[in-house]
Amino acid sequence: MKNFKKVITFSMAALLVMGMVSCGNDGGNDNGGGSTDGTSSEAKTEDGGKKDEGKKDDSKTDDGKKDDGKKDDGGSKDTKSSSGEIKEFTAFHAVPGTEIDADNEVQQIIAEKIGAKCKDTWLVGQTAAEAMGVRIAGGDYPDFVTAGAALPQMVDAGTAVAFDEYWDDYPNIKKFYSDAQWNAIKGEWDHVYLMPQFGKRYMYDTGTIHNDEAFWIQTRVLKDQDYPKLETLDEYFDCIEKYIEKHPTMEDGTPNIGYSILCEDWRYFCLENAPFFLDGYPNDGCCIVDENTHKAIDYNTTPTAKKYFKKLNEEYHKGIIDPETFSMNYDTYISKMSTGRVCGMCDQHWDFNDGELAIKQAALEKAELKGCTYVPQGIVIEKGIKERYHSDAALDVSNGITITTSCQDIPGAMQFINDLLDPEIHTLRNWGVEGEDYLVGDDGLFYRTQEMRDNAAQESYRNHHLCPYPYFPLYGGMALDGINACNPDNQPKEFYDSLSDEVKECLSAYNAETYTQLLNPSGENAPWYPMWSYSNNLTSDTDNGLAWANMADIKHQWLPEVCKADDFDAKWDEYMKAYNDNCDVQCFLDSLDAEIQRRIDVAEGKN
C-alpha cells in the first residue's frame, strides 16, 4: 500500500486539489455540476440518451471494449431494500457547488426507479484541505466523498473502501474503465480506492463545447469592433481597451470591468498558467514538455512569462483590470461576472459557468445582457504560434468518488453508482424527463423547445427539477444509444438552436457553428499527457514534491505584487530571485523528465 505523509503546506494541498480541475475537459464545478443549460456539462456530467434498445452491436467505447447494450447484468433491479423503502446516502464533494432542493423532482424519479438517492453537499466557507482535514481528524465521513488531496490520508487511515473487492457484482462499474485504466488508477496501492468521474468518453466527442481554458471575451465587445480576428495578447487587450473607452458603463451606469482574474486558493491558475498556452503548448498543468527532446521546461521563467505579466501590469495601471481582482474570492468573482460587466478573463469554462448561467437567466428579462456571454479566443504571445487550447479528454487518476468505511451499506453504495451508469438513468441525469425537458424526433434525436431551454436556464428550475448527480461517474461523448450526444450542450443541432441570436451572429462572423470551431482542433494527446496527473500526486515528503509546493507558495505571494508594481522590471527581478532562492526547480524538472520517459516507454511497450 502507498505510504503518504500528511501534506504540510497550504499550497501543496491546493495543488493536489487541482486534480479535480487541472484539465478543463475532465472536471470542475458548474452550479454543482450543471452545464450551460442546467444539465450536465461535457467535462463532468456527461452521457445520456434514450433507453438502450440493444442496437449497439458494433459500438465501442474509447478503450475499445464492445458494449452489447444489455442491461440484465447491471441494471437497477436489486437496489431497493427488502422493505421497499428508498435508501438514502450522503456525499461530500470538496469543491464548491449548489445543493438541489430536497424535493427535487428528477432525483425522486431516479430514486423510485433504482430505490436509492443521495444528498450531495459541497464546499462552503473552507478550503478543500480544511474541510477534509476536519473529517479525517474526526474519522467521521458521509457515505461518499470526492476527497482530492485528502484521499491518500484516508487510505493510510483505512477509511476508504476498495472498489475492486466488490465490483464483480456491479458490472457497470467494473466495465467503466479498461483493465489498464483501472491499474493506472490503482497505481502503487494494493487496491482501487477511487473511481474517477470524468474523462471517460463513449464513441467520440461531438465537439460543440470548449470546457477548457482560453482567453474569453464577450460577444458585445467583438461586435462593437466588427468581429476582429484576435490572435495575440496585445490584440486581445487592445480590443477590450477600445470597448471600455467607448462604453465605460452599462446602460444603468454601472462601470464595465475590462478584465478580471481569479487568484483565490487553487484557482490561481487563472493568473499563473497562461504562459504555456501563449507559447502554443497544451495544458500539461505543471510544465511545458518539449515535443522533440521530451524534456520538461519551467513555464514560470520563460521570456513569454515575463511578457505576459508585464502586459497584466500595464493593463492594471490602465484601469482595465479590476482593481479588486487580486483580493476577491470566488463568490465575488462570479457575482461580478453575473452582472454582465466583465468583458474578458482567462479561465476554464466550467470554472465560470455559474456566472454565465446567471447572465443567461437575467438576459431573459434584460436585453442588454444578451451580448454579455463569452466565446473563447486562442490567444498566443506573437503571430505564427499555433494555439493548442482545446485538448481531448484525459483520465485524471488522482481524483474521483470514494466510498468511505462510515457507510453502513457498502453493497448498496456500489449498487447506487452502478445504477447511475444505467442508460435510462443517464438520460434522466443529463437530459431530464421526456416530454418535460426534451422531445424525441422520428429519427430518434432528442431536441428541446425554446420554453424547455428557457426553463433549464433558470436556477430555480434546475434546483427544483433537474438532478445530474454531477460528481458521480458518467460517460462523455455520445449517449449509449449511439444516436444522441451525452447531453444537450453536446447535441450539435440542439446546441446551436439553444444559442442566443447574439452568439449565433458572433459564430457566423467567424464561419463557426460551435465554440470549438473558434479554436484549433485538438490533436492526439502525447503519451505523457497530461503531466498534471503526476504533479497532483506529489506530496511534501519528497524533494520534488517540496519543490513543487515551494514554487506555488512563491507564486501566490509574488505574482499579485508583480502585476501591481509601479516598477515592473525591478519587481520581476525580485520575484525571480525569491523563486530561484527558495525553490529547487531543477529537482522538480528532473522528476518530470523521468516520468515523461516512463510514460513514453509504457506507450511503446517497453515497460
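Owing to the predicted nature of the structure, the values given are computational and were not obtained by experimental measurement.
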Would the number of heavy atoms belonging to other residues, nucleotides or ligands and lying under 6.0 Å from NZ of Lys336 be above 12?
-> yes
Is the closest side-chain donor-acceptor distance between Asp331 and Asn329 under 3.5 Å?
-> no
Could you label the plane-to-plane angle of the His93 and Trp122 rings as parallel, tilted or perpendicular, counting under 30° as parallel and over 60° as perpendicular?
-> tilted
Could you tell me whether Phe309 and Tyr575 have their ring centroids closer than 6.0 angstrom?
-> no
Test item: side-chain donor near acceptor, Thr304 and Asp279, under 3.5 Å | yes
Can the ring centres of Tyr259 and Phe237 be said to be less than 6.0 Å apart?
-> yes
Side-chain donor or acceptor of Trp182 paired with backbone N/O of Lys174 under 3.5 Å = yes
Modelled atom types, side-chain donor and acceptor of Tyr299 and Glu272, under 3.5 Å | yes
Let me have the donor-acceptor pairs involving side chains of residues 583-594, under 3.5 Å, with sequence neighbours excluded, atom names and distances please.
from: Asp584; atom 1: OD1; to: Cys587; atom 2: N; distance (Å): 3.2
from: Gln586; atom 1: NE2; to: Asp590; atom 2: OD1; distance (Å): 2.8
from: Ser591; atom 1: OG; to: Asn544; atom 2: ND2; distance (Å): 3.2
from: Ser591; atom 1: OG; to: Phe588; atom 2: O; distance (Å): 2.7
from: Asp593; atom 1: OD1; to: Ala296; atom 2: N; distance (Å): 2.8

Under a 4.0 Å N-O cut-off, is there an ion pair linking Lys577 with Glu574?
-> no
Pair Tyr268 and His556, ring centroids less than 6.0 Å apart | yes
According to the interplanar angle, ranging from 0 to 90°, do the rings of Tyr515 and His349 count as parallel (below 30°), tilted (30 to 60°) or perpendicular (above 60°)?
-> tilted
Who pairs with Asp567 by side chain to side chain contact (heavy atoms under 4.5 Å, CB included), at least two apart in sequence or on another chain?
-> Asp569, Ala570
Has Asn580 got more than 12 heavy atoms of other residues, nucleotides or ligands less than 6.0 Å from its CG?
-> yes
Side-chain H-bond candidate by donor/acceptor type, Tyr529 with Asp392, under 3.5 Å | no
State plainly whether the residues Glu314 and Lys318 are in salt-bridge range, i.e. N to O under 4.0 Å.
-> no
Describe, in one word, how the ring planes of Tyr389 and Phe215 are oriented to each other, choosing from parallel (under 30°), tilted (30 to 60°) and perpendicular (over 60°).
-> perpendicular
